Amino acid sequence: MDRRKFLQKSIYATCGLATASILIESCGKSNNSSPSVAAAPTVNFTLDISTSPYNALQTNGNFVYSNNVIIARDNSGNFVALYDICPHAGCTVQFNGTNMFPCPCHGSVFNESGAVVSGPAPSGLKKYNTQLTGNQLHVWG
Ligand code: FES
């Protein structure tokens with residue numbers, strides 16, 4: 001083998017290894033089915049449910065968003081506050097008007113405890129504390 005052919009083969013081999021390395025790395029990333037979703041924050045805020053838009057919470061079955069928290073009033077009149085970002089791929093969860101929190105993107109459903117009822121979400125939603133005093137709804141945790 002002459003010097004020219006040896007160099008050509010060396011270059012091809014090096015390019016092949018680099019390409020294989022990139023493919024392996026990208027495949028490893030694609031096997032991770034969920035992009036990283038931000039961890040649920042610690043919150044501490046109060047909503048006045050006598051003023052818009054939070055007055056929606058005076059009626060059972062409604063919900064609002066504040067500080068990345070979905071606050072719902074279930075069909076029994078209880079307040080439920082959950083982190084509003086789905087751990088599957090980061091979509092914003094909704095409330096079904098009774099007692100479940102569906103994700104509109106791929107069908108995950110969470111109950112009032114934030115637990116996964118059906119996937120593909122790999123984990124549940126953080127649940128926050130709520131306390132109503134007069135028209136002031138305190139949300140924390
Ligand atoms: S983002 Fe996929 S189920 Fe919620």
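Note that this is a predicted model, so its numbers are computed, not measured. Both counts, for ligands and for their atoms, begin at 1 and track the order of listing.
For the cysteines Cys91 and Cys105, the sulfur (SG) atoms lie within a distance shorter than 2.5 angstrom of each other.
Val69 and Leu132 fall within the same hydrophobic cluster, where Ile, Leu, Val, Met, Phe, Trp and Tyr residues are linked whenever their side-chain heavy atoms come under 4.5 Å apart, directly or through other members.
For Asn129 and His138, the side-chain atoms include no donor-acceptor pair closer than 3.5 Å. For the 3.5 Å distance criterion, the side chains of Ser76 and Asn78 fail to qualify, holding no donor opposite an acceptor.
Looking at Lys127, its side chain does come within 3.5 Å of a backbone N or O of Glu112 through a donor-acceptor pair. Although no hydrogens or angles enter the test, the distance criterion places no donor-acceptor pair under 3.5 Å between the side chain of Asn55 and the main chain of Gln58.
For atom 4 (Fe) of ligand 1, protein N/O/S neighbours under 2.8 Å (waters excluded) are Cys86 SG, Cys103 SG.
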